[in-house]
Protein chains: 2
Amino acid sequence: MSKQKVSLKDIARKAQVSTALVSYVLNGKQKEARIGEEIASKIKQIAYELNYQPNYLARSLRSGKTQTIGLIIADISNPFFASIARIIEDEAKQNGYTVIIGSSDENADKSRDLLAVLMNRQIDGYIIVSAENSAEQVQDLVEKDIPFVLLDRYFPNIYTDFVSTDHYEAAYEGTSHLIANGYRRIGMIAYRSAMYHMKERIRGYRESLNDNQVSFRKPWLREVNFSRTEQEVRMAIDEQLKAKSSVDALIFASYGIAINGLRYLNELNLTVPDDLGVVSFGQAEGFDLYYCPITYLKQPIGLLGQTAVQLLVEKMNGQRSETAQILMKAELISRESSTTRNAR
Amino acid sequence: MSKQKVSLKDIARKAQVSTALVSYVLNGKQKEARIGEEIASKIKQIAYELNYQPNYLARSLRSGKTQTIGLIIADISNPFFASIARIIEDEAKQNGYTVIIGSSDENADKSRDLLAVLMNRQIDGYIIVSAENSAEQVQDLVEKDIPFVLLDRYFPNIYTDFVSTDHYEAAYEGTSHLIANGYRRIGMIAYRSAMYHMKERIRGYRESLNDNQVSFRKPWLREVNFSRTEQEVRMAIDEQLKAKSSVDALIFASYGIAINGLRYLNELNLTVPDDLGVVSFGQAEGFDLYYCPITYLKQPIGLLGQTAVQLLVEKMNGQRSETAQILMKAELISRESSTTRNAR
DNA sequence: AATAATTGCTTAATCGGTTAAGCAGATTGA
DNA sequence: TCAATCTGCTTAACCGATTAAGCAATTATT
């Protein structure tokens with residue numbers, strides 16, 4: 001029932017020594033600080049009896065290190081980010097770090113606020129899934145020499161550490177997969193975004209069409225606003241279906257789009273894959289529940305998260321000065337939603 | 001490009017005053033501390049120019065308050081907890097608090113570790129979704145007089161603040177709903193757990209059967225181990241279906257169970273609701289994707305989270321000494337999965 | 001025996017704020 | 001006119017740890 005916190009001073013008093021001695025002993029610096037055997041074990045004993053727990057605030061204030069990582073993501077309630085957050089939490093703990101998570105809602109202002117709040121808390125480093133238009137924030141971090149690693153998204157014209165899925169390749173593979181399965185008029189719904197990862201997904205889609213001698217039609221590609229995903233996805237699908245060369249397959253370029261898109265396809269009583277083939281980005285248990293399991297591009301979440309933490313830790317420890325730019329391959333999980341009538 | 005952190009001392013030096021004065025001014029204590037007008041505005045001006053950001057560590061060390069809330073949940077990658085975490089994050093920020101999230105994996109030891117880690121970080125208060133067998137941890141907090149609020153789960157024999165869904169009532173309503181829709185042989189798959197909220201869900205289920213003159217059969221109720229959810233859910237369903245009085249509807253007592261259950265029903269080529277009615281606890285976008293939208297018990301996540309934060313904040317501020325025990329009603333979201341052939 | 005090196009510990013500064021106490025000088029009151 | 005009060009500021013202790021520097025006492029070296 002030690003309501004009162006036990007400090008070094010308490011131990012020092014009880015052992016009749018200075019706090020310095022206690023600090024040395026409890027930090028395992030007996031050798032370096034030439035501490036006597038008996039007094040050392042006495043101190044340890046007392047610390048144990050009093051259940052001493054060091055005050056991290058004091059230690060951090062002194063050392064300038066908080067052993068805390070700030071994780072900035074779009075939204076923790078999105079399963080992709082939640083999974084990543086979980087991985088990062090675990091990996092950070094392994095490395096002796098605590099994680100503070102903040103949701104930016106894909107909004108540069110919120111992201112800036114978040115960074116400011118975390119900065120005040122003297123956080124040691126950041127893992128950031130950048131929001132749109134947050135390039136100068138990132139540039140700022142670079143200039144202030146604050147350790148950070150970009151995750152999942154990066155800026156091609158900012159030279160900095162990142163760990164990301166190869167979005168281009170993933171989209172290319174997804175599109176080619178549909179083509180291989182006999183689909184020809186393949187549409188994509190993506191976010192209207194300046195973010196490079198979105199652009200890359202679109203590029204991958206278009207290049208695959210091109211390389212496979214499918215000539216792209218403008219109505220096939222629709223971009224929706226993040227803040228109006230639901231309505232705009234519906235509109236997009238409507239128009240993709242009624243176009244002259246209406247699509248026979250759809251690629252959802254993101255989890256949020258997929259959820260809304262699939263829901264709408266249900267409403268329209270369209271059958272997947274008979275009426276429409278589907279490949280989606282993002283991953284979630286929910287995809288398993290669709291009557292027809294959805295083919296999706298599985299990002300290497302575990303590896304992404306772990307690598308991000310490791311890179312960051314190395315950076316924070318000053319063990320690494322070079323820039324690491326890592327692209328990982330997504331795995332196409334092929335299931336029924338992308339299988340044609342013929343192929344089955 | 002202020003790489004160097006600006007401290008009170010820097011401002012004081014530039015303004016040729018003591019740090020005390022700067023501190024008073026920047027904390028709006030001009031009146032109380034009788035500061036002159038000109039010097040005050042000069043200090044403010046300089047602070048602005050230098051873009052001064054106070055060091056929370058130092059402040060916290062002195063004040064003993066970190067303005068940080070610890071949130072302990074089972075697993076951030078479970079959508080229910082992710083949503084709750086998001087709400088709490090936002091509500092806490094509104095109140096000037098930062099949140100540190102830790103996942104306990106429904107494991108008392110991990111939960112204890114987490115608490116210890118957070119305790120060292122001098123966190124002001126906790127919101128806890130308790131893990132199984134963590135009663136003494138909670139009791140400990142009570143005895144150490146640490147502010148905390150239990151969320152979603154509570155211990156009937158520990159008198160403490162909590163905010164929870166009324167699990168009994170929710171299960172009762174879900175069961176009655178199935179009965180009202182013509183189902184009679186209603187099964188439930190729950191976690192094998194000593195946790196009170198699980199017991200309550202089971203109790204609600206059984207009492208509803210009882211009140212509706214449906215005599216309960218033992219094979220209808222199956223409890224599965226959290227750590228082997230997938231296999232055991234499959235076994236449970238197998239046995240519920242092959243029993244003499246095989247079930248015509250199932251209640252999944254938790255999100256994780258539902259995901260695995262629905263997946264298995266798909267594998268078995270059972271049709272919902274024609275072969276089997278379904279009602280589930282937990283909520284997730286995924287439920288919308290099932291070919292037949294799943295009826296579920298919607299917990300008032302927003303209100304739960306907000307209330308938890310508010311209770312905690314009041315407690316931390318010493319504005320409230322009484323214990324608050326709040327039960328909220330879940331809303332039954334009735335959809336196709338619980339509609340009988342006749343009723344449609 | 002005188003000096004050097006080692007051992008075992010303490011002192012005190014430091015991190016960056018907060019805040020009670022106190023000290024001049026100006027103003028007011030009797 | 002002299003004490004009391006007010007005004008505007010500084011001093012210094014404090015929160016709890018870390019750690020360089022230093023001081024005796026003991027042991028080793030020549």
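From a predicted model like this one, the values you see are computed outputs, not experimental measurements. Residue numbers begin at 1 in each chain, while the letters A, B, ... track the order of the sequences.
A/Ser7 comes within 4.0 angstrom of sugar-phosphate atoms only, judged by non-hydrogen atoms across all strands, and of no base. If you check every strand for non-hydrogen atoms under 4.0 Å, A/Tyr24 touches a base.
For B/Arg59 against C/dG17, a side-chain-to-base donor-acceptor contact under 3.5 Å is absent. Below the 3.5 angstrom threshold, one finds no donor paired with an acceptor across the side chain of A/Tyr52 and the base of D/dA17.
As a whole-Å value, the separation of A/Leu57 CG from C/dT18 P is 14 Å. Rounded to whole Å, atom P of D/dC15 lies 19 Å from atom CG of B/Leu8. B/Leu21 places its CG atom 11 Å from the P atom of D/dT11, with the value rounded to the nearest Å. Distance, B/Lys31 NZ to D/dT7 P: 12 Å, rounded to whole Å. Note: CD (B/Gln30) to C1' (D/dC9) measures 14 Å, nearest angstrom. One can place CD of B/Glu38 at 10 Å from C1' of D/dG8, the figure rounded to the nearest angstrom. In this structure, CZ of A/Arg121 is placed 22 Å from P of C/dC15, rounded to the nearest angstrom. Residue B/Ile35 contributes atom CD1, which lies 11 Å from atom C1' of D/dT10 at whole-angstrom precision.
Side-chain contact check for A/Thr66 and A/Asp124: at least one donor-acceptor pair (N or O, by modelled atom type) lies under 3.5 Å. Between B/Thr19 and B/Arg13, the side chains place no donor N or O within less than 3.5 Å of an acceptor N or O (distance only, hydrogens not considered).
With the nearest nucleotide of DNA chain D identified for both B/Ser63 and B/Ala20, B/Ala20 has the one nearer the 5' end. Two residues, B/Ala40 and A/Lys9, neighbour DNA chain D, and the one matched to the more 5' nucleotide by heavy-atom proximity is B/Ala40. The nearest heavy atom of DNA chain C to B/Arg34 and to B/Asn55 marks one nucleotide each, and the one closer to the 5' end goes with B/Asn55. For the pair A/Ala58 and A/Ile39, nearest-nucleotide mapping onto DNA chain C gives the more 5' position to A/Ile39.
Phosphate contact (OP1/OP2 of D/dT19, side-chain N/O of A/Lys29, threshold under 4.0 Å): present. Considering only side-chain N and O atoms, B/Lys65 lies nowhere under 4.0 angstrom from the phosphate OP1 or OP2 of D/dC15. Of the side-chain N and O atoms in B/Ser23, one or more sit less than 4.0 angstrom from OP1 or OP2 of C/dT18.
A salt bridge is defined here as a Lys NZ or Arg NE, NH1 or NH2 lying under 4.0 Å from an Asp or Glu carboxylate O, and A/Asp109 with A/Arg112 meets this definition.
Side-chain N or O atoms of B/Glu132 include one that pairs as donor or acceptor with a backbone N or O of B/Ala194 at under 3.5 Å. For A/Ser111 (side chain) and A/Asn107 (main-chain N/O), no donor-acceptor pair under 3.5 Å exists by modelled atom type.
The B/Thr19 side chain lies nearest to C/dT18 when the options are C/dC15, D/dC15, C/dT18.
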